[in-house]
Structures are given as structure tokens and as C-alpha cells.
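For ligands, and for the atoms within them, numbers begin at 1 and follow the listed sequence.
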Amino acid sequence: MPRRYAPVSGLVSPRFSGIRTFARLPHVRDLDGVDVAVIGVPFDTGVTFRVGARFGPAAVREMSAMLRAYNPALGVNVYDVLSVVDYGDLPVVPGYIEDSYARIEEGLSPVLEAGVIPICIGGDHSITLAELRAVAKKYGPVGFVQFDSHTDTWDEYFGRKYTHGTPFRRAVEEGLIDTARAIQVGMRGSLYGPEDYDQSRALGFEVWPTDDVRRVGIPAVIEAIRRRLSGGPVFLSFDIDFVDPSFAPGTGTPEIGGFTSREAQEFVRGLAGANLVAMDLVEVLPAYDPAGITALIAANIIFEALSVVALNRRSA
Ligand code: MN
Ligand code: MN
């Protein structure tokens, strides 16, 4: 009988009880019999504005106690299909981004080598570069979908190349992303200049600013995403500031005019069929998150992504 990991049901013991792992999953470091590992990456000194996303993993785990097993929108019970664990946190060094990158990459490598899908909870968006390095080592350049109000493809901040505003330019330069299969959705807010989006397009990304999404409608953009990602492994990066700050105020660089929590679910469900091999959910900043509503959205976005992986695995 192969080993399988699933959460404790809220029908068996109350959901507010127990030690806080993601979705009440067992905390396991042995990767035998594991399909998906949820992993905290509490690094937040790559930011350009508010600090504090180091407490994101703990806050998302706290609110994830609300999650149940069955996704009625996609018609799948996640844990009937997938064995999932909370792997704990990767080691990081506050204030030392390149050292942290090395530790994150090294920490993720055994997970990827074991064929396990990592779902990382940030931390700020700078961590995704280290994750992509580990993922590309296993899969080569990957398809990439980013939900974010920013492209994060600026060249540098304060004369520095590694920040949460620059990871995806670095990732393209390092050949970690298959840009023919890369797409960014949700960009909005004030810019440094008219060239900001064009620079991202020049790197090879298909870019969907929020105004363009609103013009053509969400279903058409979901179609564009599916077209763009088809044909190989995909990395999903979800920056919680994709969601409007009226829903998700607990984040480092909020931008108004964004998507509702409901629309965010719809986008992630739209990834059904995409071959997700790794994911992260970043930029949850609990100190600005009264009532934990941002962390609650984050936990549910991860649940939607888990459901997509389960659906794909079931139909494979
Ligand atoms: Mn970002
Ligand atoms: Mn952002």
C-alpha cells in the first residue's frame, strides 16, 4: 500500500484545533509517496516599499485551516487524487538576497528531483527567481504564467539587479523561462514611463494589462493563457496584489483597479489542462491585513491551483 498524505477532516476534529500547517496537512519532510509539497519561503528583504511578507507563510497557514477537500466548481476532491504535505519552510537569510537565493534553490532541488510539485508561499516576489533556477535545472526553460499588478521586469532598483521588481528580467536573461510560452496578466497602476510594458514584451512575454483584460473580458484572456501555456511544463506565479486592495489590502505594493477575489478564482480555475510543475503565491503581508482577509484569499488561490493539479492528474 503506497503512502498517502491528506488533511485531517473538519468533520472529525474542529478546524481551529491542531498545529497550524497548510490546510491541516501533515508536516512531512520525507518525500516518499508525496505528489505536492506546500513550502514556506519567508524572505522579504527584496522589496522596494513595505517589508513584512516574511510572516506571509504563517498567516496563510493560519487562514488555510478553513479549507475543505472538495472543489465543487471543478468537481474534484483534491486528496482523493493527490498526496499532499506541508514541507515546512526553506532557510533564508534576512537582508542577504544572493545567499537566500542559493539556500532556496538548494532547498527546492530535492523536492523537484523527487518529482514532487512544490507550492511555495512567500515571501516577496524576489524569491521566484531562485525557484525558477531550481525548476529549470529539472525541466529546462518552463512555460510561465504570472498574475500580478506589476510585470516585475524592470532592470534594476537602486542600482541593484536582485529585488522583487526585477526577477523576471533576470529569469529571461538566465534562460529559465520559455518566453514563447510566457504570459503576464493584471498589470495596472502608475508606471515609470510608457515603455514599461513594452520592455516586458521585448523580453518575449505576452502582457495583458488590466485595462486590456476588461476590454476583451476574462474568458477570452483565459483562452489566451491556455493557448500560450500549452505544450510543456508550466510555472504559476501568483502575486496577491493581482487582487484589488479592497479585497487584499495586506500586501507590499498595492494597486487599485484590480480584480475581485471571485475573479481571481476564475483565472486560476482556467488553468485546468496546463501542466503545472511548480507554483508560488507571494507578497502577502499580514501586518497590513486586518481580519486576515488577504491571507484567506491566498489560501484559497492555492486550493484552486491544487484542484487544477488534481484534475489534470485524474484525467491523465
Ligand atoms: Mn510581483
Ligand atoms: Mn505586484
Side-chain angles (χ1 to χ4, degrees), residues 41-54 56-57 60 97 100-101 104 119-132 144-158 160-172 176-177 182-192 196-197 199-201 203 205-213 235-261 263-264 267-268 278-286 288-289 294-295 297-298 301-302 305:
V41 186
F43 180 80
D44 69 356
T45 44
V47 297
T48 55
F49 199 58
R50 296 166 173 169
V51 78
R54 66 185 62 182
V60 174
I97 193 163
S100 296
Y101 276 179
I104 294 165
I119 297 183
C120 294
I121 308 173
D124 70 54
H125 221 159
S126 68
I127 64 171
T128 311
L129 180 59
E131 295 164 26
L132 281 165
F144 179 74
V145 55
Q146 175 189 354
F147 296 102
D148 198 330
S149 65
H150 315 94
T151 59
D152 297 346
T153 50
W154 287 287
D155 185 32
E156 51 184 44
Y157 261 90
F158 326 123
R160 292 291 180 176
K161 296 280 190 186
Y162 300 117
T163 74
H164 78 156
T166 56
F168 305 119
R169 178 177 293 265
R170 296 290 92 76
V172 172
L176 312 175
I177 291 176
I183 185 163
Q184 302 180 303
V185 182
M187 288 71 225
R188 60 184 190 269
S190 56
L191 299 174
Y192 294 108
D196 283 17
Y197 296 157
Q199 284 176 3
S200 213
R201 292 185 175 112
L203 288 168
F205 293 98
E206 181 173 337
V207 182
W208 281 93
T210 295
D211 285 340
D212 293 350
V213 176
F235 189 108
L236 161 62
S237 194
F238 196 104
D239 182 330
I240 199 68
D241 71 30
F242 174 80
V243 182
D244 190 83
S246 60
F247 294 83
T251 194
T253 44
E255 303 288 354
I256 69 162
F259 296 94
T260 66
S261 54
E263 289 166 338
F267 274 106
V268 177
M279 166 189 175
D280 66 13
L281 185 303
V282 297
E283 300 280 353
V284 173
L285 206 166
Y288 294 87
D289 192 25
T294 310
I297 297 173
I301 291 297
I302 292 172

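Taking the Mn ion (ligand 1) as the apex, the angle formed with OD2 of D148 and ND1 of H125 is 90°, to the nearest 10 degrees. Angle ND1(H150) to the Mn ion (ligand 2) to OD2(D239), rounded to 10°: 170°.
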Candidate pair F259 and F267, rule ring pair (Phe, Tyr, Trp, His ring centres under 6.0 Å), full reasoning:
CA-CA 10 Å; F259 296 94; F267 274 106; 5.4 Å; yes
Using side-chain hydrogen bond (donor to acceptor under 3.5 Å, both in side chains), reason through D239 and H150 one step at a time and then give a plain yes or no.
CA-CA 9 Å; D239 182 330; H150 315 94; 4.6 Å; no
Output, in order, the C-alpha distance, side-chain angles, deciding distance and verdict of side-chain hydrogen bond (donor to acceptor under 3.5 Å, both in side chains) for T251 and D241.
CA-CA 6 Å; T251 194; D241 71 30; 4.7 Å; no
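The nearest N, O or S atom of D152 is not closer to the Mn ion (ligand 2) than 2.8 Å. Residue side and main chain included, E283 places no N/O/S atom under 2.8 Å of the Mn ion (ligand 1).
Summary: OD2 is the N/O/S atom of D241 found nearest to the Mn ion (ligand 2).
For the side-chain hydrogen bond (donor to acceptor under 3.5 Å, both in side chains) with W154, the qualifying choice from T166, D196, T163, T48 is D196, the only one to do so.
Taken to the nearest 0.5 Å, the OG1 atom of T260 stands 9.0 Å off from the CD1 atom of I297.
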